[in-house]
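Note sheet for the following structure.
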Amino acid sequence: MTVDADAVPRNSPVLGFESTVPRRYVHRQSVSEVFLTDCTSVGVAHRFLLGAQWPRLHGFYRTDTGRYDAMLIAETLRQTAIYLGHTQYRVPLGHPFVMQTLRVDAAVDALAIGAGAAEVVLDASLDDPVHRGGLLSQFDLTVVFTVDGQRVGTGEGVANVLTPDAYQRLRWNGAGPRRIGDPVCPPPISPGVVGQSRPVDVVLGPQYAENRWRLRVDDRHPVLFDHPSDHVPGMLLLEAFRQSARAACGCPHADIALVEATYHRFVELDEPANVVARTDPHDSWTVHTTVEQWGEVLASGVVRLAPDRSRC
């Protein structure tokens, strides 16, 4: 998936940053967790410009390096996929979106936090849309993120859009919903090991072998569980990848240069799951990660860190 910057008309409408889009269009309950502010078509098929604002100090997605957290790119990409589906492709509200893959490449040095909240311009291209029964059912999305005309990152992903009935069939394999028990939430490892300041923000439980931890699922977390979910949210798994990479590399304050994930199956809230990190033998700052349940890999990914070696 590629984006041709020259295809965007120079007289594109100015985007607004005065207020967020309606929260229902990005599947968020808390208004403070909505980052998108505006959207307009640029006159090219399946091509859109969107506005977003990132706070200088988010309650969870933040660093102590003076830069915006690259996870803001990932969450804004997720919101963009859902927003475009609902507002530009007539996906009814109540239809779930399921990400198959997600990748973020961050221009780390360009993410420096300035004097005001970042007003981010998103150049989004929706590719290979598939329709079933007259409804959008799958698409590829590529987004280029810029702030003050400078590229700060790119994101891409593949999303499925399901009717409620199709989601129930996929989610429960045709057996119908089951009663979900309490989430498996073991005690967290030390927050300082993964660059967090509060135990509540740690998603890794006790380490049971080298670079292997129990997944910690706290459904009271106000960001990772902004609203109830019948499975472990994809953004929590992405955070588990990031935290396990920091722990494996011994550099808790390292920012993310790249993070990618493939979601193979839903991870259950109430069954024990493990997070496994393996450092790349050719690059000590690249970590291959998995989340495993019942001995099966349900999500896999790669994290490349951009360390400040003086702080590792």
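A quick note: this is a predicted structure, and the numbers were derived from the prediction, not measured.
- For the residue pair Thr76/Trp54, the side-chain donor-acceptor check at 3.5 Å is satisfied.
- In this structure, the separation between CG on Leu204 and CZ on Arg242 is 11.0 Å, given to the nearest 0.5 Å.
- The CE atom of Met235 lies 12.0 Å from the CG atom of Asp226; values are rounded to the nearest 0.5 Å.
- The aromatic rings of His27 and Phe97 stand perpendicular to each other, their planes meeting at an angle above 60°, with 30° marking the opposite boundary.
- The distance between the ring centers of Phe60 and His221 falls below 6.0 angstrom.
- Judged by distance alone, the side chains of Ser125 and Asp127 do bring a donor and an acceptor atom under 3.5 Å apart.
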Test side-chain contact (heavy atoms from CB on, under 4.5 Å) applied to Thr289 and Val275, step by step: CA-CA 7 Å; Thr289 56; Val275 183; 5.6 Å; no
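- Considering Leu84, Asp38, Leu15, Asp123 as possible partners of Leu50, the one that fulfils the side chain to side chain contact (heavy atoms under 4.5 Å, CB included) test is Leu84.
- Shown are Arg23, His58, His227; of these, the side-chain hydrogen bond (donor to acceptor under 3.5 Å, both in side chains) with Glu33 is made only by His58.
- Remark: side-chain polar atoms of Arg56 are paired, donor with acceptor, to backbone N or O of Ala115 under 3.5 angstrom.
- Here Glu210 does not pair with Arg278 in a salt bridge; the nearest charged N to carboxylate O distance is not below 4.0 Å.
- Taking the ring centroids of His288 and Phe241, they lie at or beyond the 6.0 Å cut-off.
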Residues Thr101, Tyr263; criterion side-chain contact (heavy atoms from CB on, under 4.5 Å); working and verdict: CA-CA 6 Å; Thr101 64; Tyr263 303 105; over 6 Å; no
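- Ion pairing between Glu268 and Arg178 holds under the 4.0 Å rule for side-chain N and carboxylate O.
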Audit row: Leu135, Val91, side-chain contact (heavy atoms from CB on, under 4.5 Å) steps and yes/no: CA-CA 7 Å; Leu135 293 174; Val91 173; over 6 Å; no
His253 and Thr63: CA distance, side-chain angles, deciding distance, side-chain contact (heavy atoms from CB on, under 4.5 Å) verdict: CA-CA 7 Å; His253 302 288; Thr63 72; over 6 Å; no
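- Between the side chain of Thr37 and the main chain of Gly51, a donor-acceptor pair closer than 3.5 Å is present.
- Looking only at distances, no side-chain donor or acceptor of His231 sits under 3.5 Å from a matching main-chain atom of Val267.
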